[in-house]
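Just follow the structure's listing: the first ligand is 1, and inside any ligand the first atom is 1.
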Amino acid sequence: MASAARLDLDGNAIKPMTICMIGAGGFIGSHLCEKLTAETMHKVLAVDVYNDKIRHLLEPATHSWSDRIQFHRINIKHDSRLEGLIKMADLTVNLAAICTPADYNTRPLDTIYSNFIDALPVVKYCSENNKRLIHFSTCEVYGKTIGSFLPKDSPLRQDPAYYLLKEDASPCIFGSIEKQRWSYACAKQLIERLIYAEGAENGLEFTIVRPFNWIGPRMDFIPGIDGPSEGVPRVLACFSNNLLRHEPLKLVDGGQSQRTFVYIKDAIEAVLLMIDNPGRANGHIFNVGNPNNEATVKQLAEMMTEVYAKVSGEPSLEVPTVDVSSKEFYGEGYDDSDKRIPDMTIINKQLGWNPKTSLWDLLESTLTYQHRTYAEAIKEAIAKPVAS
Ligand SMILES: NC(=O)c1ccc[n+]([C@@H]2O[C@H](COP(=O)([O-])OP(=O)(O)OC[C@H]3O[C@@H](n4cnc5c(N)ncnc54)[C@H](O)[C@@H]3O)[C@@H](O)[C@H]2O)c1
Ligand SMILES: O=c1ccn([C@@H]2O[C@H](COP(=O)(O)OP(=O)(O)O[C@H]3OC[C@](O)(CO)[C@H]3O)[C@@H](O)[C@H]2O)c(=O)[nH]1
């Protein structure tokens, strides 16, 4: 239930504000909209080209929060209404982006435009109108770890100094230009630098969020069900799709890359703390991830296979995974981040935030959702005769 008497971290009453949320119809946006409507008195101006993932919040128009969320179907690439919405709001949260790795090397121009050029007016309008901005960047701005350049058997690889990713100390290490995978990370890095410069030179009040593999329900799409059959979503949806279809999970280059996964609901708590505590969040870049949930992609596949068997009651395949080369899976120009462990010092100090949910638990609730939402539709799709 929304409460009028919520307090910030310094014990002051939080005043309801109007938030212009761009990209509100996506995975993170849908969870943030849910949180803001259910637990706060803030008003949301939800901007996106799609609204399927937030339709349950918009309809019927008789929800207790209905007068606090408005959907605006706007493509921020070319819509003059954007400035008016930013002016109307106290805070803008910008989530809009192309952010699936399969696009970075195959649609590099769209990726760079989406993550840099299209974000420019948002930053400009916030700066010119003295409005606060929370901008979503990515853990990919760190690129590869320093440790990955050490010899394979070097004991230094065990030293956190060579792999822990720190907002104010780690370098950003990308591959060469023909490795177009880095088009996204590079565009995100440049928009971060621009926002930082707007803060330094023009006083823009900003917060930059670097999400480390947030996962949970409503992430991306299941190919052929609620997205294109040939589409390649992020790993959670790829592996969910394989499990739902009883196919082996594809391990790109053997699945040796490492990631830390954080449950979307834990991560959204961190974003709400940023929204409600401007004095503690402004001017900061925050890693938001769960350093305790590290796994190789192969280990993730094995755990998802085990959890899915539990929640679906269906036996696992005898050979649950298959190796595939990155060239075959993503095409020319793909490259990968080797390891991503967020340093948590800054977010702990400023906001006292820590994630709670283990990898097993977050996969259990997410795969329960995937099974409930998609299993029937997949069965029907498989049963349908293919048109000749
Ligand atoms: N999910 C993660 O773990 C993660 C990790 C790192 C960074 N991020 C960043 O967080 C943000 C949100 O990610 P997500 O996982 O929710 O992705 P998402 O693709 O689910 O959401 C992005 C939303 O932005 C909208 N959008 C894109 N271009 C637009 C435009 N021109 N006009 C209007 N709307 C537009 C899309 O329709 C989509 O609904 C992105 O900036 C992404 O780079 C997410
Ligand atoms: O079927 C598959 C799909 C992927 N992989 C490998 O899994 C690793 C993670 O892939 P994914 O979650 O798709 O994306 P990344 O973690 O590499 O990048 C994202 O991180 C943050 C963000 O900025 C936004 O979400 C995005 O760039 C990777 O190693 C794939 O190769 C697989 O083996 N099989």
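With a 4.0 Å heavy-atom cut-off, ligand 2 is reached by no atom of Val232. The part of Ser137 lying near ligand 1 is the backbone, judged by heavy-atom distances below 4.0 Å. Neither the backbone nor the side chain of Lys53 has any atom closer than 4.0 Å to an atom of ligand 1 (non-hydrogen atoms only). The parts of Ile76 lying near ligand 1 are both backbone and side chain, judged by heavy-atom distances below 4.0 Å. Contacts of Tyr184 with ligand 1, taken as heavy-atom pairs under 4.0 Å, involve the side chain alone. Heavy atoms from both the backbone and the side chain of Ala97 come within less than 4.0 Å of ligand 1. Looking at Val252 against ligand 2, both its backbone and its side chain come within 4.0 Å, counting heavy atoms.
Applying ring pair (Phe, Tyr, Trp, His ring centres under 6.0 Å) to Tyr184 and the options Tyr113, Tyr104, Phe174 leaves one that passes, Tyr104. Each of Arg181, Arg210, Lys188 was compared with Glu140 under the salt bridge (Lys or Arg N to Asp or Glu O under 4.0 Å) criterion, and only Arg181 meets it.
For the ligand labelled ligand 2, residue Cys99 lies inside the 4.0 Å heavy-atom shell. Ligand 2 has at least one atom lying under 4.0 Å from a heavy atom of Phe239. Using a 4.0 Å heavy-atom cutoff, Pro101 is listed among the residues neighbouring ligand 2. Under the 4.0 angstrom criterion for non-hydrogen atoms, Phe212 is not in contact with ligand 2. In this structure, Gln258 does not count as a contact residue of ligand 2, since none of its heavy atoms falls inside 4.0 Å of the ligand.
Aromatic ring orientation, His31 versus Phe27: perpendicular (interplanar angle above 60°, classes split at 30° and 60°).
Summary of contacts: the protein heavy atom closest to atom 16 (O) of ligand 1 is Ile28 N, 2.8 Å. Nearest non-hydrogen protein atom to atom 29 (C) of ligand 1 is Ala96 CB, 3.9 Å. With hydrogens left out, the protein atom closest to atom 14 (P) of ligand 1 is Arg234 NH2, 3.8 Å, a heavy atom. The protein heavy-atom contact nearest to atom 22 (C) of ligand 2 is Tyr184 OH, 3.7 Å. Among protein heavy atoms, atom 19 (O) of ligand 1 sits closest to Cys99 SG, 3.8 Å. Closest to atom 5 (C) of ligand 1, if we only count protein heavy atoms, is Pro211 CB, 3.5 Å. For atom 8 (C) of ligand 2, the nearest protein heavy atom (residue, atom name, distance) is Val297 CG2, 3.5 Å. Protein heavy atom at the shortest distance from atom 36 (C) of ligand 1 is Asp48 OD1, 3.5 Å. Given atom 41 (O) of ligand 1, the protein heavy atom at minimum distance is Lys188 NZ, 2.8 Å.
Residue Phe27 has at least one nitrogen or oxygen atom sitting less than 3.5 Å from a nitrogen or oxygen atom of ligand 1, judged on distance alone. Checked against a 3.5 angstrom limit, the closest N/O atoms of Leu95 and ligand 1 fall inside it. Considering backbone and side-chain atoms together, Arg234 places an N or O closer than 3.5 Å to an N or O of ligand 2. An N or O contact shorter than 3.5 Å links Trp214 to ligand 1 by distance.
Transitive grouping of hydrophobic side chains (ILVMFWY, heavy atoms separated by less than 4.5 Å) keeps Tyr50 and Ile76 in distinct clusters. Linking Ile, Leu, Val, Met, Phe, Trp and Tyr whenever their side-chain heavy atoms come within less than 4.5 Å puts Leu194 and Ile285 in one cluster. Transitive grouping of hydrophobic side chains (ILVMFWY, heavy atoms separated by less than 4.5 Å) keeps Tyr369 and Leu236 in distinct clusters.
Near Tyr50, meaning under 4.0 Å from any of its heavy atoms, are these atoms of ligand 1: 37 (O). Heavy-atom proximity to Ile74, at under 4.0 Å, picks out these atoms of ligand 1: 32 (N), 33 (C). Atoms of ligand 1 found under 4.0 Å from any heavy atom of Gly23 (numbered from 1 in listed order, with element): 23 (C), 24 (O), 25 (C). Near Asn213, with a cut-off below 4.0 Å to any heavy atom, the atoms of ligand 1 are 3 (O). Within ligand 2, counting atoms from 1 as listed, the ones closer than 4.0 Å to a heavy atom of Ser257 are 29 (O). Distances below 4.0 Å separate heavy atoms of Asn213 from the following atoms of ligand 2: 12 (O), 16 (O), 20 (O). Close approach of ligand 1 to Gly26 is summarised as follows: ligand atoms under 4.0 Å from at least one heavy atom of the residue are 20 (O), 21 (O), 38 (C), 39 (O). Heavy-atom proximity to Gly25, at under 4.0 Å, picks out these atoms of ligand 1: 39 (O). Those atoms of ligand 2 with a heavy atom of Thr138 less than 4.0 angstrom away are 21 (C), 22 (C), 23 (O). If you number the atoms of ligand 2 from 1 as listed, the ones under 4.0 Å from a heavy atom of Leu251 come out as 33 (O). Interface atoms of ligand 2 facing Arg259, defined by a heavy-atom separation under 4.0 Å, are 9 (C), 15 (P), 16 (O), 17 (O), 28 (C), 29 (O). Ligand 1 places these atoms under 4.0 Å from at least one heavy atom of Asn75: 30 (C), 31 (N), 32 (N).
Checked by atom type, the side-chain pair Asp103/Thr111 shows no donor-acceptor distance below 3.5 Å. If you check the side chains of Tyr142 and Asn287, you find a donor sitting under 3.5 Å from an acceptor. Inspection of the Tyr374 and Asp226 side chains reveals an N or O donor paired with an N or O acceptor under 3.5 Å. A donor-acceptor pair shorter than 3.5 Å cannot be found between the side chains of Asp90 and His42. With 3.5 Å as the limit, one finds a donor-acceptor pair spanning the side chains of Tyr263 and Ser365. For the 3.5 Å distance criterion, the side chains of Glu167 and His284 fail to qualify, holding no donor opposite an acceptor. No donor-acceptor contact under 3.5 angstrom links the side chains of His371 and Glu314, judged on distance only.
Under the 3.5 Å distance criterion, the side-chain polar atoms of His72 are left unmatched by any main-chain donor or acceptor of Leu82. Of the possible donor and acceptor atoms, none in the side chain of Ser127 sits under 3.5 Å from a partner among the backbone N and O of Glu198. A donor-acceptor pair under 3.5 Å is absent between the side-chain atoms of Trp353 and the main chain of Met344, judged by distance alone.
A salt bridge is defined here as a Lys NZ or Arg NE, NH1 or NH2 lying under 4.0 Å from an Asp or Glu carboxylate O, and Glu269 with Lys265 fails to meet this definition. A salt bridge does not link Arg6 with Glu39: none of the charged nitrogens is closer than 4.0 Å to a carboxylate oxygen.
The heavy atom nearest to atom 13 (O) of ligand 2, considering only Asn241, Val235, Val324, is found in Val235. Between atom 2 (C) of ligand 2 and the options Lys250, Arg210, Lys188, the minimum heavy-atom separation is to Lys250. Of the listed residues (Tyr330, Phe136, Tyr334, Phe329), the one carrying the non-hydrogen atom nearest atom 4 (C) of ligand 2 is Tyr330.
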Inset, instruction - Carefully, step by step, assess Val262 and Asn293 under the rule side-chain contact (heavy atoms from CB on, under 4.5 Å). - result: CA-CA 7 Å; Val262 63; Asn293 281 350; 5.7 Å; no

